[in-house]
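The sequence lines fix the lettering, A, B, ..., with proteins before strands; numbering per chain opens at 1. Since the structure is predicted, the reported quantities are computational estimates derived from the model, not experimental observations.
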2 protein chains.
Amino acid sequence: MHILTAEDRTYYLEKYPIDDFFSFDINPYLEVCQFEKGEWIFQEGSFPDTLYYMIEGKAKLYMTHKNGKVSLIEYLEASRFMGEIELLNEARYTKGIQTVTKTICYSITQSCKEKLLADALFLRRLCVFLGEKATNMTSKYTQNQAYPFENRLAAFIQLSADQGVYKEKHTEICEYLGVSYRHLLYVLAQFCEERILEKRKTGYHILDEKRLSQLAQEIQ
Amino acid sequence: MHILTAEDRTYYLEKYPIDDFFSFDINPYLEVCQFEKGEWIFQEGSFPDTLYYMIEGKAKLYMTHKNGKVSLIEYLEASRFMGEIELLNEARYTKGIQTVTKTICYSITQSCKEKLLADALFLRRLCVFLGEKATNMTSKYTQNQAYPFENRLAAFIQLSADQGVYKEKHTEICEYLGVSYRHLLYVLAQFCEERILEKRKTGYHILDEKRLSQLAQEIQ
DNA sequence: TAAAAAATATGAGATATCTCACATTATTGT
DNA sequence: ACAATAATGTGAGATATCTCATATTTTTTA
């Protein structure tokens with residue numbers, strides 16, 4: 001991680017204004033920083049003392065279980081807070097966040113914690129953010145319980161396909177969707193057999209958009 | 001639902017003080033109300049305009065899926081907010097909440113919405129509440145992905161057993177834990193076979209606390 | 001208190017999903 | 001450019017979990 005200064009700082013602050021999040025001047029407490037691809041923003045198990053607001057990039061939220069199994073919980077995309085739970089509760093054991101691409105964040109030191117926690121403007125925005133987070137997590141949880149993998153995969157393919165082509169890394173996606181690598185491949189093969197997808201050098205091409213939607217929409 | 005007045009109102013407001021949630025006088029906007037067992041606090045799909053704070057009782061949060069399957073998402077217990085998401089976002093489609101026991105709530109009408117959303121004291125408390133909600137949901141989600149039912153059931157039995165006896169209603173618990181009724185019974189039978197539990201008239205008695213903990217603790 | 005509804009119980013067979021072992025192909029670091 | 005590492009692909013057998021059918025018991029309601 002390194003801190004951007006001068007023109008870079010100004011550039012981002014103008015491109016992604018953040019003043020209206022606060023009713024006081026945040027500038028003295030704010031830095032613009034850049035994480036390289038693959039870098040860890042939070043180490044799992046640490047006690048972070050910085051609030052981030054991601055403005056560009058993409059990252060993965062991880063946690064390791066007692067049994068050694070690792071869950072990829074969520075993809076985090078701009079724009080969003082990170083470390084906000086740790087701001088509210090003292091010294092909380094945190095999950096790991098690793099960038100997927102180069103990522104730009106505003107970092108806000110906890111030296112203005114008091115001010116933040118007394119600022120209705122900021123708190124209101126944080127409430128909305130946390131409310132959405134809770135709602136999203138809840139729906140992810142219930143969908144996972146209520147639908148077989150086939151439907152969830154169809155929904156995910158729709159979501160992540162680019163120009164009708166699905167080409168994500170199996171090793172990541174099976175973690176994300178919470179099934180074994182083997183099973184992911186089985187179901188992809190099954191989709192190919194049913195002529196919903198076709199496997200080519202360039203990725204899995206969607207042949208039967210309608211059928212895929214049907215499988216996916218059983219969810220929403 | 002009916003509204004409590006006079007002595008009842010005073011009794012609860014003294015037993016569960018709530019003034020320090022707000023930096024203004026909440027009394028004019030507050031009612032104490034009582035829901036009977038089995039009554040619906042929010043109908044699924046409605047657009048509620050009341051914020052509740054449950055002070056006594058227990059309820060269930062439900063949602064119905066497109067495929068007709070119903071998920072029991074969570075047990076809600078005092079003390080906690082209900083309808084807070086709807087306060088933050090306009091007119092939001094809501095999940096259903098049904099009481100399990102007689103339940104007492106403070107109800108706060110949205111006529112003081114502006115005041116609430118400008119009150120740092122209240123917002124800060126709401127943030128903490130929402131943060132916990134999000135964190136809990138996340139860990140429920142990941143545990144569900146990472147552990148077989150056997151472990152989750154062991155954890156749930158530990159949590160809900162009273163004096164070493166587990167006696168929940170199977171029909172509810174299988175929904176809550178997201179497995180079929182049949183499978184729940186299978187695993188309970190298996191626990192009996194392994195002499196971890198013993199089935200009696202009075203419920204399932206825990207015989208092997210140690211082994212149960214072992215199964216459950218693989219989770220935490 | 002009888003009838004209706006809900007909850008409990010169990011068997012049998014089908015599917016979804018996992019683990020493990022191993023071979024092949026891409027990608028990356030030096 | 002080559003070795004090391006990561007990602008892909010497949011088979012076989014084991015388990016976890018589901019669906020459905022049906023019987024019995026308990027609880028609720030008229």
Side-chain angles (χ1 to χ4, degrees), chain A residues 36-39 60 65 67-72 98 100 143-156 165-194 197-204 215 218-219, chain B residues 36-39 60 65 67-72 98 100-101 143-156 165-194 197-205 215 218-219:
Chain A
E36 298 312 316
K37 173 176 173 171
E39 207 175 336
K60 290 181 290 186
H65 295 271
N67 64 4
K69 206 163 180 173
V70 175
S71 292
L72 167 54
Q98 184 184 32
V100 177
Q143 281 178 195
N144 234 39
Q145 292 224 192
Y147 294 92
F149 178 63
E150 185 184 39
N151 299 106
R152 290 182 288 133
L153 179 59
F156 182 73
V165 181
Y166 170 82
K167 73 206 260 33
E168 301 293 317
K169 228 182 257 171
H170 301 330
T171 41
E172 280 197 351
I173 301 315
C174 66
E175 267 181 60
Y176 178 57
L177 296 175
V179 297
S180 67
Y181 180 88
R182 189 66 191 85
H183 192 58
L184 171 59
L185 282 244
Y186 266 136
V187 178
L188 282 172
Q190 179 192 311
F191 282 1
C192 289
E193 187 145 334
E194 295 169 25
L197 300 180
E198 184 170 64
K199 185 174 168 182
R200 301 194 201 140
K201 274 274 150 85
T202 44
Y204 289 81
L215 282 169
E218 279 165 35
I219 286 190
Chain B
E36 299 311 317
K37 173 177 172 170
E39 206 174 334
K60 289 182 289 186
H65 295 271
N67 65 2
K69 207 164 180 173
V70 174
S71 292
L72 168 53
Q98 185 184 31
V100 177
T101 62
Q143 281 178 197
N144 234 40
Q145 291 223 194
Y147 295 93
F149 178 63
E150 185 184 39
N151 299 106
R152 289 183 288 134
L153 179 60
F156 182 73
V165 181
Y166 170 82
K167 73 206 259 41
E168 301 293 317
K169 229 181 256 172
H170 300 330
T171 42
E172 281 197 350
I173 301 315
C174 66
E175 266 181 60
Y176 178 57
L177 296 176
V179 297
S180 67
Y181 181 87
R182 190 67 190 84
H183 192 58
L184 172 59
L185 281 244
Y186 266 136
V187 178
L188 281 172
Q190 178 193 313
F191 281 2
C192 290
E193 187 145 334
E194 294 170 25
L197 300 179
E198 185 170 62
K199 184 176 169 181
R200 301 196 201 139
K201 275 271 149 87
T202 42
Y204 289 80
H205 289 243
L215 282 169
E218 279 164 36
I219 285 189

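- Looking at residues two or more places apart in sequence or on another chain, you find a side-chain hydrogen bond (donor to acceptor under 3.5 Å, both in side chains) between Glu150(B) and Gln190(B).
- Relative to the six-membered ring of Tyr186(B), Arg182(B) meets both conditions, a distance below 6.0 Å and an angle of at most 45° to the axis.
- Between Glu150(A) and Leu185(B), it is Leu185(B) whose nearest contact on DNA chain C lies nearer the 5' terminus.
- Applying the side chain to side chain contact (heavy atoms under 4.5 Å, CB included) test to Lys167(A) and every residue at least two apart in sequence or in another chain returns Val165(A).
- Listed by chain and residue number, Lys60(B) satisfy the salt bridge (Lys or Arg N to Asp or Glu O under 4.0 Å) test with Glu172(B) (two or more places apart in sequence, or in another chain).
- Reading DNA chain D from its 5' end, the first and the last nucleotide to sit under 4.0 Å from a heavy atom of chain A are dA7(D) to dA12(D).
- Distance, His183(B) NE2 to dA9(C) P: 17 Å, rounded to whole Å.
- The OH atom of Tyr181(B) sits 14 Å away from the C1' atom of dG11(C) (whole-angstrom rounding).
- Heavy atoms of Phe149(A) sit under 4.0 angstrom from primed sugar atoms or phosphate atoms, though from no base atom.
- For Tyr181(A), there are no side-chain hydrogen bond (donor to acceptor under 3.5 Å, both in side chains) partners, not counting sequence neighbours.
- When the ring pair (Phe, Tyr, Trp, His ring centres under 6.0 Å) test is applied to His183(B), the partners found at least two apart in sequence or on another chain are Phe149(B).
- How far CD1 of Ile173(A) is from CG of Leu184(A): 8.0 Å, rounded to the nearest 0.5 Å.
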**Request:** Check the pair Tyr176(A) / Glu168(A) against side-chain contact (heavy atoms from CB on, under 4.5 Å), numbers first and verdict last.
**Result:** CA-CA 11 Å; Tyr176(A) 178 57; Glu168(A) 301 293 317; over 6 Å; no
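- Leu184(A) places its CG atom 14 Å from the P atom of dT19(C), with the value rounded to the nearest Å.
- The side-chain hydrogen bond (donor to acceptor under 3.5 Å, both in side chains) check on His170(A) picks up nothing, with sequence neighbours excluded.
- The side-chain hydrogen bond (donor to acceptor under 3.5 Å, both in side chains) search around Glu175(A) returns none, not counting sequence neighbours.
- From one end of the helix from dT1(C)-dA30(D) to dT30(C)-dA1(D) to the other, with five pairs defining each end axis, the axis direction shifts by 60° (rounded to 10°).
- Smallest separation of non-hydrogen atoms from Cys192(B) and Lys199(B): SG-N, 4.1 Å.
- Atoms CG and CG, from Leu153(A) and Leu197(A) in turn, are 8.0 Å apart once rounded to the nearest 0.5 Å.
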**Request:** Assign a letter to each nucleotide of nucleotides 20-30 of chain C from its 5' end: B, base within under 4.0 Å of a protein heavy atom; S, sugar-phosphate only; -, no contact.
**Result:** -----------
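- Tyr166(B) is linked by a ring pair (Phe, Tyr, Trp, His ring centres under 6.0 Å) to nothing, counting only residues two or more places apart in sequence or in another chain.
- Against DNA chain D, the stretch residues 168-177 of chain A makes heavy-atom approaches under 4.0 Å through Lys169(A), His170(A), Thr171(A).
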